[in-house]
Amino acid sequence: MTPSPSDFEGQNALFENHDARPVPPELARATTRLEFPPSYVVVGAYRLLTDQKLLRPAWDKCRHAARRGAIVGGIWALLTFGIQRKFIELFLRNSPKITGLSHDTIFGYQVPFNVHTYAAVLLVGSQVTTMMDFFLRRNLAIARDRAWAYTVESRGKGPDFWQPYVEEWDHPPQPDIKKSLVDQLLSTFFGRHVVKRILLLPFSFYPIIGLMLSAWLKALSTARHLHRRYFEAKKMTPPQVAIFMEERKWDYWAFGFTAALLEGIPIFGLVFMVSNRVGAAMWAHDLEKRQHYISREQRSKKE
């Protein structure tokens, strides 16, 4: 579920003891990123776009399907844009009284073009993205897995790098591992599709609001999905995953929100679906180094 401000306050109190440990030398360079996990989303995008060993295989795997999807989506956009724009204009006719929207302003701020046109671009762009995703689905999944694998390999780490889970907190929380109905719905592709394409459809008519609301709802489920390979590599049980994420609730929520927000951008979000795997792998790498440090500490105390 989406964390509340009180969750973050409680977590900060628990972190006082947790963060008292000195920063291990191997994490000195990554400390800033670990303190602000959304930065891994930015670093992942930069790494994907600048590292040819990442970008070229991903593009080679997806370019033919992307071209076919773009052609179909482009034809759809040309044929339906005017109709959908008119429908949005009718839908938002009374919106200034409720949402602060007018013909050419959003909450009093001037926009470079008509608000109805802007909303239509977002809606049609989302539809084109769905069409491209239909053609890209299988290849995109392969590209994401390869991006994760290459990112891990580029750090010079083999399968033995991922060690068994080590509890880092003296008094770990005991979260309820049973998922809420919302979390169960968002944990499946069908559920995410229903929420994004059907339940949140009316909000798509309002600039930015639909993207923000969708990312808010999907934040934790997106973060969990992006770190699925990390949890599997460490052979973590569901209770261990739940505790690990509860201890870092704010970190996972912020990372997942940023990732989901960028993935929700029409068309360009498809690129972030790959780059977010790169960022997630880099974050997992730094988290694992932290686990190694804690493990050494615990062994030295026993000795």
Side-chain angles (χ1 to χ4, degrees), residues 23-63 65-67 69-70 122 125-126 128-129 132-133 136 139-158 161-162 208 211-212 214-216 218-231 233 248 250-291:
V23 177
E26 61 268 29
L27 281 178
R29 294 179 59 185
T31 299
T32 302
R33 290 198 302 269
L34 283 170
E35 291 176 350
F36 188 63
S39 62
Y40 286 99
V41 175
V42 178
V43 173
Y46 175 80
R47 178 98 187 263
L48 175 66
L49 296 176
T50 57
D51 190 337
Q52 290 299 315
K53 292 182 179 179
L54 267 172
L55 180 61
R56 188 176 296 279
W59 175 241
D60 288 344
K61 190 64 184 176
C62 297
R63 60 180 175 180
R67 188 178 296 119
L122 286 181
S126 178
V128 172
T129 303
M132 293 183 66
D133 186 53
L136 280 165
N139 291 344
L140 201 59
I142 295 173
R144 289 197 296 263
D145 284 342
R146 288 180 178 176
W148 175 283
Y150 174 76
T151 304
V152 172
E153 291 171 2
S154 69
R155 295 297 185 95
K157 310 299 182 183
F161 173 67
W162 310 104
I208 304 302
L211 289 175
M212 299 286 287
S214 177
W216 179 278
K218 297 190 302 181
L220 286 178
S221 61
T222 296
R224 178 189 289 270
H225 179 69
L226 287 171
H227 261 182
R228 175 179 58 84
R229 294 283 297 273
Y230 176 47
F231 300 144
R248 299 160 181 80
W250 161 247
D251 292 346
Y252 271 105
W253 186 89
F255 175 80
F257 175 81
T258 307
L261 182 65
L262 294 177
E263 289 182 9
I265 298 174
I267 302 175
F268 295 102
L270 295 170
V271 178
F272 289 109
M273 288 183 181
V274 179
S275 69
N276 283 340
R277 284 293 180 91
V278 178
M282 296 177 72
W283 187 24
H285 178 271
D286 290 341
L287 286 173
E288 185 63 9
K289 287 197 293 186
R290 177 79 181 182
Q291 285 266 289

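Scanning for side chain to side chain donor-acceptor pair (under 3.5 Å) contacts around R144 gives an empty result, with sequence neighbours left out. By the side chain to side chain donor-acceptor pair (under 3.5 Å) test, R146 pairs with no residue at all, sequence neighbours left out. Qualifying side chain to side chain donor-acceptor pair (under 3.5 Å) partners for D145, counting only residues two or more places apart in sequence or in other chains: R229, R277. R63 pairs by the side chain to side chain donor-acceptor pair (under 3.5 Å) definition with nothing, not counting sequence neighbours. Scored by the ring-ring contact (aromatic ring centres under 6.0 Å, His included) test, F161 finds H285, H292 as partners (sequence neighbours excluded). The ring-ring contact (aromatic ring centres under 6.0 Å, His included) test applied to W148 returns no partner, not counting sequence neighbours. For the ring-ring contact (aromatic ring centres under 6.0 Å, His included) test, residues two or more places apart in sequence or in another chain that qualify with Y252 are H227, W283. Residues that satisfy the side chain to side chain contact (heavy atoms under 4.5 Å, CB included) test with Q52, not counting sequence neighbours, are L55, R56.
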Please tabulate, for side-chain N and O atoms in residues 42-50, each donor-acceptor pair with protein atoms closer than 3.5 Å (sequence neighbours left out).
residue : atom : partner : partner atom : Å
R47     : NE   : D51     : OD2          : 3.4
R47     : NH2  : S154    : OG           : 2.7
T50     : OG1  : Y46     : O            : 2.6

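The closest donor-acceptor contact from the side chain of N276 to the backbone of F272 lies under 3.5 Å. For N139 (side chain) and K61 (main-chain N/O), a donor-acceptor pair under 3.5 Å exists by modelled atom type. Formation of a donor-acceptor pair under 3.5 Å by the T222 side chain with backbone atoms of G256 is not found in this model.
In this structure, K289 NZ and R155 CZ are separated by 6.5 Å, a value rounded to the nearest 0.5 Å. For the atom pair D133 CG and S126 OG, the distance stands at 10.5 Å (nearest 0.5 Å). To the nearest 0.5 angstrom, L262 atom CG is 7.5 Å from S275 atom OG. The distance from the CG atom of L211 to the CG atom of L122 is 6.0 Å, given to the nearest 0.5 Å.
Between W253 and R248, the closest side-chain pair of non-hydrogen atoms is not below 4.5 Å. Within the 4.5 Å cutoff, the side chain of Y40 has no heavy atoms near those of the T258 side chain. Contact check for S221 versus H225: no side-chain heavy atoms found under the 4.5 Å cut-off. With a 4.5 Å cut-off on side-chain heavy atoms, V128 and P266 do not count as touching.
Between G125 and I267 the shortest heavy-atom distance is O-CG1, 4.1 Å. Nearest approach of A259 to L226, heavy atoms of both residues: CB-CD1, 3.8 Å. In this structure, V278 and T151 approach most closely via the heavy-atom pair CG1-OG1, 3.5 Å. Of all the heavy atoms in L136 and A66, the pair that sits closest is CD2-N, 3.6 Å. Minimum heavy-atom separation, A284 to W162: O-CZ3, 3.8 Å.
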Side chain to side chain contact (heavy atoms under 4.5 Å, CB included) between L287 and L34, intermediate numbers included: CA-CA 8 Å; L287 286 173; L34 283 170; 4.1 Å; yes
